[in-house]
Novice: 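Right, I'll just put the structure down here and ask away after.
By convention here, the first residue in the shown sequence is residue 1. Nothing here was measured: the structure is a model prediction, and the numbers come from that model. Atoms within each ligand, like the ligands themselves, are counted from 1 in listed order.
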Amino acid sequence: MHLTDLVCTACSKPHDAAVPQNVCTACGKPLFARYDLAAAGRTLTKASLAGRVKSLWRYREVLPVKNDADIVTLGEGFTPLLPAPRLGAKHGLAHLFIKDEAQNPTASFKARGMTTAVSMAKQLGLKKLAVPSAGNAAGALAAYAARAGMETHIFMPRDTPRANIIECEQMGAHVTLINGLITDCGAEVAKRKVAEGWFDVSTLKEPYRAEGKKTLGYELAEQLAWKLPDVILYPTGGGTGLIGMWKAFEEMERLGWIGAARPRMFSVQATGCQPIVRAFMAGEKFAAEHVGAQTKASGLRVPKAIGDFIMLDALRKSGGGAVAVTDEEMIACTREVGAAEGVFVAPEGAACYAALKQLLAEKRVRPEEVVVLFNTSTGLKYLECYGG
Ligand SMILES: *Cc1c(COP(=O)(O)O)cnc(C)c1O
Ligand SMILES: [Zn+2]
């Protein structure tokens, strides 16, 4: 609502938000939305939130859409932050939480990014959207675009979980399966988009998905009574959620809602695809492509991320880190979380619990700390992983 413009995350060049934008026109890096936070803070107050809609649109003033008429919604966000006492007790943790993002429309947290991206596409008069996806972004885009009456063109790896493919088809999207990875799908979109008149909604090559995802940060603060957790474990692919939360913390500090302290942010990846973990360990500013990427956690199968430098910077500034876990550990952890807490987590969610065990063993997380695991989708979308 109080969007002023877009600014490059690397070179700070400002960009006009009144027209469709992808990446920085000078350096090709991601753009961030910028707001008049002083104006936003006049109506968006902690007290004002009490009576608001139970979706991420409760943070209306710090979301980009100008007119309510352009909002394309299926009731996304404001998901429960579930206490996980039985799981925590196994490790002496008294304050373990699961942010259950499976409870979003299309059963993954990709809905957060797509509600804002598609709403802005509507505001800007776009009609045809295209996306390369590891699975859940495609399902979410297909759903929100259908609701907005737009055409969608989706490119997914052939071995994407079947639920994602079927979901897109049933939402009326044009689906193309590619023999390759999400990076190959992205190359196909890039090659065809100009001739076809498609707007590219790729992770962080479109500035507003991150705005929807940043509401994770606002929700965590609100649900924990304005005290951020000590530790966040986030299953990382393209990194929109991690980057979005980091941005939200900064905005909330400027709104005067929180102080300068930040949670320690940990990026969780699969051993078969861990570009961010490797770059973090090596002290690199950017992450090299993970060659031969492989993991059943399709959301983590992103061998190269355009926002790598933003993630690495946030992990380091937060005092956190990056952890890789095997697919076997994820699958075993699914049952452990399910049996203890009644949540059938996605492999990506299970990965966060597996990573937490590593961090506890290495004494990098202490028992008295407030720890949040992200369950980013549901095991029901990944039945193949469980012999289904
Ligand atoms: C996309 C996805 C991720 C990774 O999210 P990013 O914000 O791109 O890092 C994690 N888990 C699931 C289930 C996903 O669909
Ligand atoms: Zn730039």
Side-chain angles (χ1 to χ4, degrees), residues 6-15 21-32 99-102 104 106-114 131-141 156 160-161 163-164 167 182 186 201-207 209-210 212-217 232-247 265-270 273-276 287 295-311 314-315 322 330 334 344-352 355 373-382 385:
L6 298 164
V7 63
C8 177
T9 50
C11 76
S12 302
K13 180 180 172 174
H15 290 65
Q21 300 279 2
N22 287 110
V23 289
C24 174
T25 51
C27 76
K29 296 297 183 193
L31 299 174
F32 261 3
K99 180 71 168 157
D100 192 15
E101 289 291 293
N104 278 299
T106 71
S108 92
F109 76 155
K110 291 297 193 299
R112 289 182 187 268
M114 290 306 179
V131 81
S133 169
N136 287 317
L141 178 63
M156 285 187 282
T160 296
N164 296 126
E167 177 182 32
I182 188 172
V201 197
S202 299
T203 297
L204 294 169
K205 292 182 184 166
E206 183 285 339
R209 281 175 64 182
K213 285 270 188 93
K214 87 179 174 191
T215 57
L216 287 169
I232 289 176
L233 289 104
Y234 182 83
T236 310
T240 337
L242 188 84
I243 291 167
M245 277 190 277
W246 195 247
K247 182 174 190 279
M265 314 277 282
F266 288 90
S267 170
V268 180
Q269 297 199 303
C273 182
Q274 47 166 321
I276 300 302
T295 168
K296 290 200 164 105
S298 47
L300 307 185
R301 205 164 50 149
V302 180
K304 175 89 191 137
I306 185 176
D308 52 0
F309 64 104
I310 316 174
M311 278 187 262
L315 298 176
M330 291 179 211
T334 304
F344 185 11
V345 294
E348 294 87 346
C352 292
L373 309 176
F374 274 92
N375 176 41
T376 44
S377 183
T378 169
L380 290 171
K381 278 192 150 182
Y382 298 77
C385 298

Novice: Could you report the tightest heavy-atom contact between Ile276 and Met311, atom names first, then the distance?
Specialist: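 So the two residues come closest at CD1-CE, 3.9 Å.
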Novice: What protein atoms of element N, O or S are positioned under 2.8 Å from the Zn ion (ligand 2)?
Specialist: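 For the Zn ion (ligand 2), the protein N, O and S atoms that sit under 2.8 Å away are Cys8 SG, Cys11 SG, Cys24 SG, Cys27 SG.
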Novice: Hey, is the main chain of Thr376 close enough, under 3.5 Å, to the side chain of Glu348 for a donor-acceptor pair?
Specialist: no
Novice: Are more than 12 heavy atoms, taken from residues, nucleotides or ligands other than Lys247, located less than 6.0 Å from that residue's NZ atom?
Specialist: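 Buried by this count: over 12 neighbours within 6.0 Å.
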Novice: Thr295 and Met330: side chain to side chain contact (heavy atoms under 4.5 Å, CB included), yes or no, with the steps?
Specialist: CA-CA 10 Å; Thr295 168; Met330 291 179 211; 4.0 Å; yes
Novice: Using the six-membered ring wherever Trp is involved, compare the ring planes of Phe109 and Tyr234 and label them parallel, tilted or perpendicular (cut-offs 30° and 60°).
Specialist: tilted
Novice: Which protein residues have a heavy atom closer than 4.0 Å to any atom of ligand 1, listed by chain and number?
Specialist: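 Lining ligand 1: Phe109, Lys110, Asn136, Lys213, Tyr234, Pro235, Thr236, Gly237, Gly238, Gly239, Thr240, Gly241, Gly299, Glu348, Thr376, Ser377, Tyr382.
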Novice: For Glu206 and Val131, what are the C-alpha separation, side-chain angles and deciding distance, and is it a side chain to side chain contact (heavy atoms under 4.5 Å, CB included)?
Specialist: CA-CA 10 Å; Glu206 183 285 339; Val131 81; over 6 Å; no
Novice: Evaluate the criterion side chain to side chain contact (heavy atoms under 4.5 Å, CB included) for residue pair Leu242 and Leu315; output intermediate values, then yes/no.
Specialist: CA-CA 9 Å; Leu242 188 84; Leu315 298 176; 3.9 Å; yes
Novice: Can you see which heavy atom on Arg112 is nearest to which on Leu216, and at what distance?
Specialist: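 For Arg112 and Leu216, the tightest heavy-atom pair comes out as NE-CD2, 3.2 Å.
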Novice: Side chain to side chain contact (heavy atoms under 4.5 Å, CB included) between Ile243 and Phe32: does it pass, once the steps are laid out?
Specialist: CA-CA 10 Å; Ile243 291 167; Phe32 261 3; 3.4 Å; yes
